[in-house]
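Both ligands and their constituent atoms are indexed starting at 1 by order of listing. Computed from a predicted structure; not experimentally measured. The figures that follow rest on heavy atoms only: side chains count, while hydrogens, waters and symmetry mates do not.
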Amino acid sequence: MPAIDPALVPEDLFPVIDALCATGAQLSGVIARGPLGQSLGAGVGENSDGDQQKALDVMADELFEAALKPAGVRHYASEEQEVVLTLDPEGAYALAIDPLDGSSNIDVNVTIGTIFSIFQAAEDATASFLRPASEQIAAGYIAYGPQTLLAVTFGAGTLLYVLDPETGRFSLASEAMSLPEAAREYSINASNRRHWTAPVLAYVEECEGGTQGSKGKDMNFRWVGSLVAETHRILTRGGTFLYPSDARKGYEKGRLRMVYEVAPMAFLVEQAGGQATDGKTPILSLQAGALHERCPLVFGSSEEVARIAALHD
Ligand code: AHG
Ligand code: MN
Ligand code: MN
């Protein structure tokens with residue numbers, strides 16, 4: 001029995017998406033048991049980038065790697081691994097994954113997720129991922145929240161599936177997610193305000209100005225700390241998200257990874273009618289220069305993303 005309703009999934013990609021969903025359903029069960037099961041949020045080490053790894057980061061990476069091996073994935077690039085792994089030398093696809101996004105939220109029962117991006121495999125493992133984000137053939141996220149759900153694009157709109165806990169299967173909930181053009185909410189880690197660039201500060205001050213300011217409307221503020229949760233909220237009811245570059249050491253290109261986080265979210269957002277840039281330039285026209293490279297990310301309702309680009313000019 002497949003883990004996802006096969007109707008709208010391209011046939012050749014079906015084994016990959018099915019493996020992602022089967023593992024997502026399994027992780028959803030582990031996460032739901034929280035402290036009744038094994039330890040999930042305990043620190044277990046550091047990845048090659050110096051990020052602290054939690055037990056669930058490592059478990060998720062191992063489960064996805066094992067499930068994707070027989071599913072036609074040749075090159076597997078994970079945020080938790082230093083180099084690209086070869087899973088099936090005959091496989092047709094290169095898959096990049098953030099196995100567990102939002103790991104600071106594991107122990108506090110707040111939505112966390114998995115993000116993935118798929119390219120056709122090239123001969124060279126690393127080069128398969130260092131290409132324009134517009135060459136992705138699929139991208140998506142699984143959100144582990146009050147519902148476990150999958151948002152996915154194959155380049156023809158953004159589809160939404162929800163895991164039915166009674167059947168263990170992801171069923172279609174929307175054939176075309178549509179990101180509202182106007183926004184009433186914005187998201188940025190405001191504790192970094194003193195490090196922001198002038199255009200970012202100017203945008204946030206416009207949002208804070210409310211009905212008295214140049215926007216002429218009140219804007220609400222939200223920050224979850226899980227990119228997956230933030231993206232899902234914005235795809236559902238509009239808004240803007242910014243993780244810009246700032247003046248802190250190591251944040252010259254923001255915090256998020258191009259290959260594992262920025263490119264897939266940009267593909268999903270654009271396919272739902274929104275926009276995604278690095279502040280100015282569309283993400284889909286950019287490519288990573290190194291596997292774990294970071295990239296500033298601004299996305300959401302097109303009016304707002306255009307306004308932020310104008311402030312950068
Ligand atoms: P990860 O858990 O995969 O390292 O990603 C966390 C990311 C993202 O989900 C979130 O938007 C951002 O880091 C939060 O960063 P700050 O702690 O700097 O706000
Ligand atoms: Mn992440
Ligand atoms: Mn992660």
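In this structure, W223 and F241 have parallel ring planes: the angle between them is below the 30° cut-off, well short of the 60° mark.
Using a cutoff of 4.0 Å between basic side-chain nitrogens and carboxylate oxygens, E230 and R222 are not scored as salt-bridged. Taking a cutoff of 4.0 Å between a charged side-chain nitrogen and a carboxylate oxygen, R257 and D101 do not qualify as a salt bridge.
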Steps toward side chain to side chain donor-acceptor pair (under 3.5 Å) verdict (N105, S226): CA-CA 7 Å; N105 284 322; S226 293; 2.8 Å; yes
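For R248 and Y251, the positive end sits near the middle of the six-membered ring, less than 6.0 Å away and at most 45° from its axis.
With 3.5 Å as the limit, one finds no donor-acceptor pair spanning the side chains of S174 and Y161. Under the 3.5 Å distance criterion, with hydrogens and angles disregarded, no donor-acceptor pair is assigned to the side chains of E79 and N47.
Near ligand 1, E79, D98, L100, D101, G102, S103, N189, W223, G225, S226, L227, Y243, R255, L256, E261 each place a heavy atom less than 4.0 angstrom from the ligand.
Counting only protein N, O or S atoms closer than 2.8 Å to the Mn ion (ligand 2) gives 3.
Counting only distance, with no hydrogens or angles, the side chain of T211 and the backbone of G216 share no donor-acceptor pair below 3.5 Å.
Residue K215 forms a salt bridge (Lys or Arg N to Asp or Glu O under 4.0 Å) with just one option from E304, E208, E303, and that option is E304.
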